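Let me begin by presenting the structure, written as structure tokens, before commenting on it.
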Amino acid sequence: MKIPLKQIAKDCDVSVTTVSRVLNHTGRISTKTRQKILAYVEKQETILYTQNFSRKTIGLITPNIRNEYYSAMISAIEDYFFKRNYSVILHITSKSKQKTIEAFNDLVYRHVAGIIYIGGPQKYYYADDLNQIPLVCIEHNPLIDQACDSLITIDHDAGGYLATQELIKRGCQRILFLANEGMLLEKQGRFSGYIRALEDAHLEYQKELVFVSPSFKFGIMEAKNAIHYLSTKSIEFDGVFATTDWRGYGVIAALNELHVDIPHQVQVIGYDNISISKYSLPSLSTIQVDYEMIASLASQHLDALMNHQAIDSPMTVVPLHFIKRNSTK
């Protein structure tokens with residue numbers, strides 16, 4: 001959108017002819033007048049650009065796009081706003097503090113209309129820095145609730161409890177817990193749910209049945225190696241809560257290699273209900289996290305906030321469900 005010449009002339013107190021000569025680089029105009037007009041035009045164009053940009057753009061910050069559930073949420077969010085004539089600026093942080101700070105700074109600088117922040121584990125910024133930009137957080141641990149206008153979260157403690165409870169209901173007495181170290185540090189996470197379920201069933205917590213990897217990367221191969229390692233130590237278990245479907249897939253692969261009958265000798269439950277859980281042999285029972293619902297709620301809440309509409313609650317807990325497949329009885 002161009003600024004009318006008459007408007008420039010009026011605000012700069014010069015003639016339309018003078019404005020035209022400056023913008024077309026013709027005629028002899030004093031340096032002072034030329035600088036005055038060019039500075040005015042630059043300022044007005046910046047204002048028009050940012051106003052237009054903020055109406056049509058949102059920011060999306062995510063730890064990565066490799067995980068199926070992150071990519072599914074990003075796709076759903078982008079689709080929602082595309083249909084409403086918004087573009088999406090995507091920042092991938094790799095859970096880096098510096099990248100997260102720079103992502104927020106960039107989006108604030110661009111005057112986006114709103115921001116959706118996926119999976120930020122720590123408070124890397126302050127609410128005042130957002131300059132009134134609506135912020136919706138998809139966050140497992142609500143440590144940044146003061147900055148969030150809306151928080152869509154998951155009760156992983158309840159998920160851990162449900163997974164362990166389902167194994168106990170099916171006769172498991174010695175349940176192996178597989179996780180990376182970060183999960184043990186969560187105050188209300190899968191591990192705390194695992195402990196609660198054991199306590200409620202009057203089963204003794206046994207440290208040898210908790211296998212924790214210090215590495216953040218704890219996927220298929222690491223889970224396979226963990227099972228093979230435990231077999232060399234003659235640690236017996238009749239159930240496994242694998243804490244992710246990737247780990248569950250690795251557990252099943254290792255048990256098959258060890259000729260362990262699943263589910264009659266050992267039962268396995270994963271977590272997330274991503275596509276791999278359907279195609280392992282046997283198929284993996286799991287805890288379903290409804291990422292489509294999460295993406296839909298986050299999009300609707302941000303849309304409402306950008307239009308100055310009220311939302312039902314500043315914090316929404318998405319329910320979890322047990323999906324029965326062939327790795328459990």
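Quick caveat: nothing in here was measured; it's all calculated off a predicted structure. All values below come from the heavy atoms of this structure, side chains included, with hydrogens, waters and symmetry mates left out.
By the 6.0 Å contact criterion, CG on D312 is open, its count of non-hydrogen atoms from other residues, nucleotides or ligands being 12 or less. Heavy atoms of other residues, nucleotides or ligands lying less than 6.0 angstrom from NZ of K278 number 12 at most. By the neighbour-count criterion of 12 heavy atoms within 6.0 Å, atom NZ of K324 is densely surrounded, having more than that number from other residues, nucleotides or ligands.
One distance of note links OH of Y109 with NE2 of H111; it measures 8.0 Å at 0.5 Å rounding. Summarising the geometry, atom NZ belonging to K329 is positioned 7.0 Å from atom SG belonging to C172; distances are rounded to the nearest 0.5 Å. In this structure, the separation between OG1 on T57 and CZ on R110 is 8.5 Å, given to the nearest 0.5 Å. Put simply, CD1 on I168 and CZ on R170 are 11.5 Å apart, with the number rounded to the nearest 0.5 Å. Atom-to-atom distance recorded for Y70:OH and Y291:OH is 7.5 Å, nearest 0.5 angstrom. In this structure, CE on M73 lies 10.5 Å from OG on S299, to the nearest 0.5 angstrom.
The main-chain N or O of M315 is found under 3.5 Å from a side-chain atom of S313 such that the two form a donor-acceptor pair. Side-chain atoms of Q265 come within 3.5 Å of backbone N or O of D261 as a donor-acceptor pair. In this structure, the side chain of D149 engages the main chain of L135 through a donor-acceptor pair within 3.5 Å. A donor-acceptor distance shorter than 3.5 angstrom exists from the side chain of S231 to the backbone of H228, with no hydrogens or angles considered. Under a 3.5 Å cut-off, the side chain of N307 and the backbone N or O of D303 do form a donor-acceptor pair. Side-chain atoms of E42 never come within 3.5 Å of backbone atoms of A39 as a donor-acceptor pair (strictly under, hydrogens ignored). For the pair D272 (side chain) and I274 (backbone), a donor-acceptor distance under 3.5 Å is absent. For the pair N256 (side chain) and L281 (backbone), a donor-acceptor distance under 3.5 Å is present. Using modelled atom types, one side-chain atom of S283 and one backbone atom of N326 make a donor-acceptor pair closer than 3.5 Å. In this structure a side-chain-to-backbone donor-acceptor pair under 3.5 Å is present from D157 to G193.
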| task | Show your working on side chain to side chain contact (heavy atoms under 4.5 Å, CB included) between I115 and H91 and close with a plain yes or no. | result | CA-CA 11 Å; I115 299 172; H91 279 274; over 6 Å; no
Y69 vs V289, side chain to side chain contact (heavy atoms under 4.5 Å, CB included): CA-CA, chis, key distance, verdict | CA-CA 9 Å; Y69 44 85; V289 179; over 6 Å; no
### Task
Let me see the working for I235 and L209 under side chain to side chain contact (heavy atoms under 4.5 Å, CB included), right down to the final yes or no.
CA-CA 8 Å; I235 295 176; L209 293 178; 4.0 Å; yes
Determine whether S327 and I252 satisfy the following criterion, side chain to side chain contact (heavy atoms under 4.5 Å, CB included), listing intermediate values before the conclusion. CA-CA 8 Å; S327 65; I252 286 175; 4.2 Å; yes
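Remark: E102 does not engage K99 in a salt bridge, criterion side-chain N to carboxylate O under 4.0 Å. Salt bridge absent: E208 and K233 never bring a charged side-chain N and a carboxylate O closer than 4.0 Å.
At a threshold of 4.5 Å between non-hydrogen side-chain atoms, the residues K169 and Q165 count as touching. Inter-residue side-chain proximity for Y80 and Q300 is flagged as met; some heavy-atom pair is nearer than 4.5 Å. A 4.5 Å side-chain heavy-atom check between I77 and L302 finds every atom pair outside the cut-off. Within the 4.5 Å cutoff, side-chain heavy atoms of T62 are placed close to those of L90. Side-chain contact between I61 and L107 is present, with heavy atoms from C-beta onward closer than 4.5 Å. Contact of the I118 side chain with the I74 side chain is registered, since non-hydrogen atoms from C-beta on lie closer than 4.5 Å. Counting only heavy atoms from C-beta outward, the side chains of I220 and I276 approach each other to under 4.5 Å. Taking 4.5 Å as the limit, some side-chain heavy atom of D11 sits within range of a side-chain heavy atom of Y40.
Cluster annotation: F322 and I262 are assigned to the same hydrophobic cluster (Ile/Leu/Val/Met/Phe/Trp/Tyr, side-chain heavy-atom contacts under 4.5 Å, transitive). Under the 4.5 Å side-chain heavy-atom criterion for ILVMFWY residues, no single connected hydrophobic cluster contains both Y249 and M221. Residues V240 and L258 share a single hydrophobic cluster, defined by chaining ILVMFWY side chains whose heavy atoms lie under 4.5 Å apart.
Contact record, H301 with S150: ND1-OG, 2.7 Å, taken as the closest heavy-atom pair. When all heavy atoms of L178 and A226 are compared, the closest pair comes out as CD2-CB, 4.2 Å. Shortest non-hydrogen contact noted between P134 and A113 is CD-O, 3.2 Å. Closest non-hydrogen pair, V210 versus L176, comes out as N-CD1, 4.4 Å. Summarising the geometry of A158 relative to L320, their closest heavy-atom pair is C-CD1, 4.5 Å, with the distance given to 0.1 Å. The two residues A242 and V251 make their nearest non-hydrogen contact at CB-CG2, 4.5 Å.
Remark: R190 fails to qualify as a cation-pi partner of Y194 under the 6.0 Å distance and 45° angle criteria applied to the six-membered ring.
Relative orientation of the F81 and Y86 rings is perpendicular, given thresholds of 30° and 60° on the angle between their planes. Aromatic ring orientation, Y271 versus F241: tilted (interplanar angle from 30° to 60°).
Defined by atom type and a distance below 3.5 Å, a donor-acceptor pair is missing between the side-chain atoms of S285 and E166.
R325 meets the side chain to side chain donor-acceptor pair (under 3.5 Å) test with N273, S277; sequence neighbours excluded. Listed by chain and number, the residues in a salt bridge (Lys or Arg N to Asp or Glu O under 4.0 Å) with K207 amount to none (sequence neighbours excluded).
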Using residues 197-206 as the side-chain source, report each donor-acceptor pair under 3.5 Å to any protein atom, sequence neighbours left out, with the distance given to one decimal.
unit_1: D200; atom_1: OD2; unit_2: Y161; atom_2: OH; d: 2.8
unit_1: Q206; atom_1: OE1; unit_2: R174; atom_2: NH1; d: 2.7

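For the pairing with D245, the side chain to side chain contact (heavy atoms under 4.5 Å, CB included) check across L284, I269, I287 returns one residue only, L284.
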